[in-house]
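Have a look at the structure below, then the notes.
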Amino acid sequence: MFRNYIKIAFRNIWKNKVFFLINIIGLSIGLSSAFVIGAMIYYDFTFDKFHKDGERIYRVVTDTKGPDQEGHFRGVPVPLGNALKAEVSGIENVSTFFITHFNTIRIDATGKDFKNPEDIIFAETGYFEVFEYDWLAGSAKNILDGPNEVVITEKRAATYFPNTSAQEVLGKTVTYNDSIIVKITGIVANFKERSDFTFQEFVSRKTAKNTDMNYGVYNESWEGMSSSTQVFIKAKEKANLESLKGYLIGLAKEHENKKVVARGYITTYGLQPLAELHMNDDYAVFDSTRHRADDTVLLGLSLIALFLLILGCINFINLNTAQATKRAKEIGIRKTLGSSKSQLVYQFLGETLFLTSTAAIVSIFFASGLFRLFSEFMPPDIGLALFRNPILIFCTIVLVILITIFSGFYPALVLSQFKPVLVLKNQILPGNDKGSLRKYLTIFQFVIAQIFIIATLLVGRQINYMMTKDMGIKTKSVAYIGTPYHIHSEVKRQRFAKMIEALPEIQEVSLAGGPPASNNYAGRSLTYFAEGKQINIQLQLLNGDKNYLNLYGIKLLAGRKPLNDSIREYVVNETGMKLLGFENPQDIIGQTVKADDKNIPIVGVMEDFNQRSLRSKIDPLAFVGGNQNGTVHFSFRTDDTKNWPNAIGKIEDAWKSIYPEDDFKVQFMDDTIKQFYEQERKTSVLLTWATGLAIAISCLGLLGLVIHTTERRTKEIGIRKILGATLAQLNLLLCKEFLILVGIAFVIAAPIAWWGMNNWLQDFAYKTELSWWVFVLSGVAMLLIALVIISIRTIAAANRNPVKSLRTE
Amino acid sequence: MLLQLNGIFKWVQQGGQRVFLLKDINLEVEEGEFISIMGPSGSGKSTLLNVIGMLDDFDEGEYNFLDEPVHQLKEKHRANLYKQYIGFVFQAYHLIDELTVYENLEMPLLYKKLKGSERKAMVADMLDRFGIVGKKDLFPTQLSGGQQQLVGVARALISKPKLILADEPTGNLNSKQSNEIMELFKELNDDGVTIIQATHNEKNAAYGKRTLNLLDGRKV
């Protein structure tokens with residue numbers, strides 16, 4: 001029986017190769033995107049799942065509640081860790097560690113230097129009590145108890161001491177920043193599984209005592225906190241979490257800052273379970289720039305995968321029900337020969353299973369291509385290799401079975417429903433097949449495709465708008481270089497600036513703080529006492545010398561620039577001026593504001609410009625002649641762009657002569673601005689792909705239906721032709737029914753897309769309009785694509801010699 | 001007695017009116033009979049055959065097949081009954097185009113869940129008996145009409161039915177092929193198989209031992 005089914009299935013596929021291909025391609029596109037996205041989701045959900053007693057490990061985090069906003073912060077005050085150690089009832093271990101950075105590490109045995117070693121923390125014994133490592137040399141007992149100790153991982157050991165066994169590495173010394181000599185007292189294996197704990201060097205906390213880092217690591221104040229201060233606890237088994245949380249809230253209350261509380265801000269400490277570390281967007285893991293899971297992105301991706309899968313399934317349902325009449329005879333015969341309805345359903349489901357399995361195999365190849373295409377969206381270790389995991393294999397099998405049932409059940413039901421008497425008397429005529437479900441499904445497909453098209457166009461337009469909108473500052477032909485932050489010499493900076501200024505290709509040079517537009521924010525709150533009232537505002541500060549405003553083309557509306565670097569004088573922007581209650585730039589000149597108990601005069605007003613991405617509004621800002629000018633800004637002469645590379649070469653030479661130890665990195669202002677919209681550009685690339693794939697699947701399905709219809713109507717076409725219909729008339733006749741479906745899809749898609757895009761644009765302070773013509777354009781584009789696809793077939797059908805088609809009937 | 005029809009009525013609603021396809025049909029068939037049902041197109045021959053073959057329902061009356069009341073049986077039960085005792089031969093042969101001659105013959109046996117070796121033997125026997133061993137790997141479209149109908153009859157016989165229902169079995173054949181098929185039916189009948197055929201060809205009808213004339217769904 002089974003062999004018989006397989007034979008029938010194969011011979012049917014062979015007879016309907018085109019339909020088979022359409023089905024396979026459609027399903028495998030959907031499946032491969034599901035694979036890729038599934039792998040991404042699986043990847044993000046399997047971080048740090050392996051730790052011993054992981055369900056008892058928590059990170060202590062800071063939450064603040066203000067009058068109008070909530071804040072979440074991953075750092076805590078330094079003394080908190082020790083305060084928790086005192087609370088013994090519910091806590092087994094406490095680990096306080098500090099993420100830190102050294103400029104160099106020297107291996108004393110070889111004298112070899114390594115620059116900017118990454119992933120270093122100051123830790124104590126507690127770290128290795130909370131997190132269990134495999135010790136290759138040394139042991140967790142009393143480790144890092146004394147000063148000048150370090151534990152390194154196997155990987156680091158291999159970098160620093162190639163071809164040396166762990167036992168031999170033990171006891172060697174290394175020197176950080178040329179001055180801190182530490183001894184290696186332990187070597188641990190790296191975690192084998194996915195983990196956010198990628199630290200490689202664990203320096204004992206006491207080491208920091210004798211260095212300039214003492215302040216950060218042994219700070220006794222409860223007031224300030226840094227995101228690099230991390231406290232993890234391991235709760236006791238059966239510990240009462242509620243009382244633990246209560247204790248933390250009590251601690252926060254005990255050490256609260258009365259001034260802050262008076263302004264309406266309440267600070268509390270909370271426990272973040274280890275399992276939520278990777279997925280929680282509020283706190284980020286340890287470092288905001290690393291890859292971390294973003295659940296909205298994952299949700300969006302899952303939706304895309306789901307839609308593509310549904311589109312593939314719809315093709316299958318449509319083509320199989322359309323083709324049903326072709327198989328009607330077989331079904332009739334099988335039924336008269338004694339097949340039951342359920343046997344037929346199983347037969348057709350089996351065929352579907354075969355098809356989806358084939359599609360699954362094909363999609364493995366597609367998926368490997370997709371993994372490569374989207375490599376910039378995912379961490380490098382996501383790939384097909386993940387699918388060796390039994391859980392993912394199981395999920396894949398479940399998915400294939402689900403798709404089989406979803407796409408195969410309805411056609412199987414339709415097919416098995418045929419009454420043998422009617423079939424065998426040829427009373428199920430192909431012409432009776434109305435297929436209204438098919439129409440709805442086709443409309444659904446095109447609604448999805450249409451929404452994707454509109455979204456892609458609008459996202460692209462928004463990006464283009466943001467990239468080209470005048471931000472109020474000069475962005476072309478301006479670049480900047482940050483001098484090494486560990487070299488504080490003002491003289492060197494001045495000399496470097498002078499050397500750049502001397503180059504003929506350079507127009508202007510300014511020694512300043514950061515660029516006028518960046519993701520950084522340094523601000524302060526200040527108070528202005530007007531008649532009878534007091535205005536508090538938060539003001540962003542921008543440091544620079546007297547050339548800065550000129551270099552970036554920022555115009556003064558009134559007043560003057562700060563006289564020199566040592567006097568604190570503010571040049572505020574228009575927004576700041578208005579917030580302080582002035583309408584006319586002239587009026588604010590000479591007023592003083594109070595910041596940090598100092599009176600600072602306002603000497604000028606400058607034009608507004610966007611100091612961050614166009615997602616945010618213009619904030620109040622003041623330009624100050626600063627004393628923290630670590631960045632050299634310069635503008636090129638615009639008349640000879642071809643000499644720029646040459647000039648950059650000379651600047652690099654200058655850099656090497658002054659900062660021979662450090663890496664040279666020029667940043668152009670327009671690149672900086674481009675980076676603001678990284679997220680949007682990624683969205684756009686993804687959307688473009690999703691759109692392309694959705695259109696491809698839908699059009700394949702449409703092609704299949706057109707082939708079916710033209711076959712069904714061969715006789716009608718023949719008769720009409722004999723009666724004098726022209727090619728154009730016939731084509732119109734055949735296209736009409738499909739174009740109407742695409743048209744209906746547009747009517748449904750447009751408002752949904754409008755609503756969705758309107759929501760998306762709310763994130764931007766500056767946005768393009770949702771112009772009607774974008775919608776019309778995308779609708780027309782969809783119609784044209786559909787028309788081309790349909791015409792491929794209809795023209796051929798209309799061209800056929802009617803005598804032939806009528807004779808074969 | 002093989003089967004018995006008592007007062008069978010079948011109708012369809014057309015524009016608010018009942019159009020009768022079968023009207024008060026009474027029929028008793030003994031085992032070993034060869035009955036020809038005659039009548040012009042639309043007289044209800046095929047409908048009657050379908051009712052007897054349990055492929056079609058009727059609206060009124062009683063039908064007993066081997067003393068089982070068909071009109072009271074559930075569909076599954078009914079299917080088992082015809083699967084076991086009835087073989088069909090169609091005017092348009094109705095072979096499955098995607099299967100070879102061999103596989104077409106094998107199919108009814110698959111639905112009776114016979115073992116592989118048994119099926120092989122029965123199919124080989126049939127191919128031998130009908131002299132189509134050489135054609136067993138061909139597809140139906142590669143055969144002439146007469147040969148296709150031969151396969152059709154062989155398929156109807158393979159599950160050793162008590163009753164063969166043949167609806168215009170020679171309708172698509174030329175006179176030589178037609179004679180061969182009718183001779184075959186006669187032989188089968190001589191071997192004890194009950195046959196009911198629908199035809200409007202006098203000559204073919206003459207092969208039957210008894211003739212039933214229908215007009216507008218009524219026995220005449």
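In what follows, chains carry the letters A, B, and so on, assigned in the order in which the sequence lines appear, proteins first and then strands, with residues in each chain numbered from 1. In what follows, every heavy atom counts, from backbone to side chain, and hydrogens, waters and symmetry copies are set aside.
- At a 4.5 Å heavy-atom cutoff, B:I86 makes no contact with chain A through either its backbone or its side chain.
- The distance from atom CD of B:E103 to atom CD1 of A:I8, rounded to the nearest 0.5 Å, is 8.0 Å.
- Residue-environment remark: CG (B:D191) exceeds the threshold of 12 foreign heavy atoms within 6.0 Å.
- Comment: A:K329 does not engage B:E98 in a salt bridge, judged by the lack of any side-chain N to carboxylate O separation of less than 4.0 angstrom.
- B:F139 touches chain A through its side chain: at least one heavy atom from C-beta onward sits under 4.5 Å away, while N, CA, C and O do not.
- By the 4.5 Å heavy-atom criterion applied to side chains, A:K7 and B:T100 are not counted as neighbours.
- Contact of the B:L55 side chain with the A:K335 side chain is not registered, since no non-hydrogen atoms from C-beta on lie closer than 4.5 Å.
- The CD1 atom of A:I333 sits 5.5 Å away from atom CZ of B:R155, with the distance rounded to the nearest 0.5 Å.
- Looking at A:K341, neither its backbone nor its side chain comes within 4.5 Å of chain B, counting heavy atoms on both sides.
- For the atom pair CG (B:L110) and CZ (A:R334), the distance works out to 8.0 Å, reported to the nearest 0.5 Å.
- Here the CE-OG distance, from B:M107 to A:S339, works out to 8.5 Å after rounding to the nearest 0.5 Å.
- Salt bridge A:K15/B:D97: absent, no basic N to carboxylate O contact under 4.0 Å.
- The shortest non-hydrogen separation linking A:R11 to B:L99 is NH1-CA, 3.6 Å.
- A:T336 has its side chain within reach of B:F90: a pair of non-hydrogen atoms, C-beta onward, lies under 4.5 Å apart.
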